[in-house]
Amino acid sequence: MTSTSKRLTTSPIRVRNLPLVLTLFLALLAGSALASDYSAVESKLKAAMAADIRTEAEIERDENRMPVETLEFFGLRDDLKVVELLPGGGWYTKLLAPVLAENGEFYVALGTGRVQESLLNQEGFEQVRVTAADANIFRPEGSRSYALEMTGLGVNDVDMVFTFRNYHNFGPEGRAALNAAVFDALKPGGVYAVVDHTRRHMEADNSENRRRFDPVLAILEIQEAGFEFVGYSDLHFRPDDQLLYEVGRKTVTGNTDRWSLKFVKPAN
């Protein structure tokens with residue numbers, strides 16, 4: 001009996017460590033769930049990358065733009081409500097729309113003319129919604145940057161807003177309007193994902209840096225709009241881009257150094 005009683009006695013040390021063990025166990029479960037979430041995204045994303053709708057030129061940019069890794073860094077899931085700003089010709093639209101088609105919601109906003117004309121009428125893209133159609137993007141006379149007049153993104157409780165290589169297009173007031181509209185559209189905890197070409201810190205405007213932007217200034221401006229800066233990625237760090245030339249020059253085009261910054265709307 002004595003021996004059996006000793007075997008059944010609970011060690012005080014194990015009791016004291018039980019909360020820690022449970023915490024670690026739950027953390028492992030959470031990490032496994034997140035990995036599982038992105039596994040579903042990655043599978044859909046790779047299928048979208050192989051779709052016939054993509055051009056050879058778009059496919060050639062995959063290696064440099066690294067969409068699988070980039071979207072994983074920002075935390076994309078396939079059940080989110082997502083807005084892509086200034087989609088241009090739809091390089092990322094062609095990837096995001098199929099990922100979100102079944103379980104999520106996907107919107108494009110601002111400068112959507114090209115994708116509306118050439119992409120959104122295609123099979124598989126019918127569920128993509130256009131929002132903020134009343135926004136006015138224009139270049140004031142004598143300015144090299146665009147201004148933006150808008151009342152908002154026209155959608156609420158958004159989980160994530162992306163803008164890829166567009167922040168540099170706007171002047172200070174336009175960027176402030178953009179950041180404010182994104183802040184209002186996101187739900188608490190929502191992510192603002194911003195990627196752009198790197199400009200040297202505090203470098204004045206010149207003929208070679210119009211499509212580059214100082215990442216430190218971007219952080220300060222977006223924080224000023226109310227966001228928390230939560231992370232950056234060096235996925236698009238390019239040491240051979242000396243930040244001297246316009247991004248369209250042959251010496252750097254397709255291989256520019258870019259910053260990828262992640263912001264979150266505070267929960268309160």
Is there a side-chain contact between [X] and [Y] in this structure, where contact means two heavy atoms from C-beta onward sitting under 4.5 Å apart?
{"X": "Leu71", "Y": "Val41", "result": "no"}
{"X": "Tyr107", "Y": "Val158", "result": "no"}
{"X": "Phe227", "Y": "Val182", "result": "yes"}
{"X": "Lys81", "Y": "Leu100", "result": "no"}
{"X": "Phe183", "Y": "Pro266", "result": "yes"}

How close do [X] and [Y] get, counting heavy atoms only, and between which atoms?
{"X": "Pro87", "Y": "Ala109", "result": "CD-O, 4.0 Å"}
{"X": "Thr112", "Y": "Val130", "result": "OG1-CG1, 3.7 Å"}
{"X": "Arg199", "Y": "Glu203", "result": "NH1-O, 3.2 Å"}
{"X": "Leu76", "Y": "Tyr38", "result": "O-CD1, 3.5 Å"}
{"X": "Leu148", "Y": "Ile137", "result": "CD1-CG1, 3.6 Å"}
{"X": "Ala185", "Y": "Val155", "result": "CB-O, 3.3 Å"}

In one Ile/Leu/Val/Met/Phe/Trp/Tyr side-chain cluster, 4.5 Å: [X], [Y]:
{"X": "Leu96", "Y": "Leu153", "result": "no"}
{"X": "Val195", "Y": "Val247", "result": "no"}
{"X": "Phe164", "Y": "Phe237", "result": "no"}
{"X": "Leu243", "Y": "Val252", "result": "no"}
{"X": "Val99", "Y": "Val82", "result": "yes"}

(Q) If we check side-chain contact (heavy atoms from CB on, under 4.5 Å) with Phe213, which of these qualifies: Arg165, His197, Arg175? (A)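 Of the listed residues Arg165, His197, Arg175, the side-chain contact (heavy atoms from CB on, under 4.5 Å) partner of Phe213 is Arg175.
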
Q.
My understanding is that only one of Leu120, Leu85, Leu86 makes a side-chain contact (heavy atoms from CB on, under 4.5 Å) with Val108; could you say which?
A.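 It is Leu120, the one option of Leu120, Leu85, Leu86 that forms the side-chain contact (heavy atoms from CB on, under 4.5 Å) with Val108.
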
Q) If only atom types and distance count, is the side chain of Asp196 paired as donor or acceptor with the main-chain N or O of His168 below 3.5 Å? A)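 Here the side-chain-to-backbone pair exists.
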
(Q) Between Asp214 (side chain only) and Met202 (backbone N and O only), is there a donor and an acceptor less than 3.5 Å apart? (A)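 Side chain of Asp214 to backbone of Met202, a donor-acceptor pair under 3.5 Å: yes, one is there.
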
Inspect the surroundings of [atom1] in [X] and state if more than 12 heavy atoms from other residues, nucleotides or ligands are less than 6.0 Å away.
{"X": "Tyr245", "atom1": "OH", "result": "no"}
{"X": "Phe74", "atom1": "CZ", "result": "yes"}
{"X": "Gln127", "atom1": "CD", "result": "no"}
{"X": "Arg139", "atom1": "CZ", "result": "yes"}
{"X": "Tyr232", "atom1": "OH", "result": "no"}
{"X": "Gln242", "atom1": "CD", "result": "no"}

At what distance, to the nearest 0.5 angstrom, does [atom1] of [X] lie from [atom2] of [Y]?
{"X": "Arg258", "Y": "Arg212", "atom1": "CZ", "atom2": "CZ", "result": "10.5 Å"}
{"X": "Leu261", "Y": "Thr163", "atom1": "CG", "atom2": "OG1", "result": "12.0 Å"}
{"X": "Thr55", "Y": "Trp91", "atom1": "OG1", "atom2": "CH2", "result": "10.5 Å"}
{"X": "Phe162", "Y": "Thr93", "atom1": "CZ", "atom2": "OG1", "result": "11.5 Å"}
{"X": "Ser143", "Y": "Phe170", "atom1": "OG", "atom2": "CZ", "result": "11.5 Å"}
{"X": "Arg144", "Y": "Asn169", "atom1": "CZ", "atom2": "CG", "result": "11.0 Å"}

Q: Give the ring-plane orientation class for Phe229 versus Phe263, where under 30° counts as parallel, over 60° as perpendicular and anything between as tilted.
A: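 It falls in the tilted class, 30° to 60°.
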
Check the side chains of [Y] and [X] for a donor-acceptor pair under 3.5 angstrom, ignoring hydrogens and angles.
{"X": "His236", "Y": "Thr198", "value": "no"}
{"X": "Arg238", "Y": "Asn64", "value": "yes"}
{"X": "Asn179", "Y": "Glu221", "value": "no"}

Q) For residues 100-120, which residue pairs qualify under salt bridge (Lys or Arg N to Asp or Glu O under 4.0 Å), counting only residues two or more places apart or in two chains? A)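 Salt bridge (Lys or Arg N to Asp or Glu O under 4.0 Å) check on residues 100-120 returns Lys44-Glu102, Glu105-Arg129.
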
Q) With sequence neighbours excluded, what pairs up with Leu220 under the side-chain contact (heavy atoms from CB on, under 4.5 Å) test? A)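 By the side-chain contact (heavy atoms from CB on, under 4.5 Å) rule, Leu220 matches Val216, Gln223.
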
Using a strict 4.0 Å threshold on nitrogen-to-oxygen distance, state whether [X] and [Y] make a salt bridge.
{"X": "Glu246", "Y": "Arg210", "answer": "no"}
{"X": "Arg77", "Y": "Asp159", "answer": "no"}
{"X": "Asp241", "Y": "Arg249", "answer": "no"}

Q: May I ask you to establish whether Lys265 and Tyr192 are in a cation-pi arrangement, using a distance under 6.0 Å from NZ or CZ to the six-membered ring centre and at most 45° from the ring axis?
A: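 Relative to the ring axis of Tyr192, which defines the angle, Lys265 lies outside at least one limit.
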
Q.
Checking Arg65 against Thr70 for the side chain to side chain contact (heavy atoms under 4.5 Å, CB included) test, could you report, in this order, the C-alpha distance in whole Å, the side-chain angles of both residues, the deciding distance, and whether it holds?
A. CA-CA 8 Å; Arg65 292 187 175 176; Thr70 300; over 6 Å; no

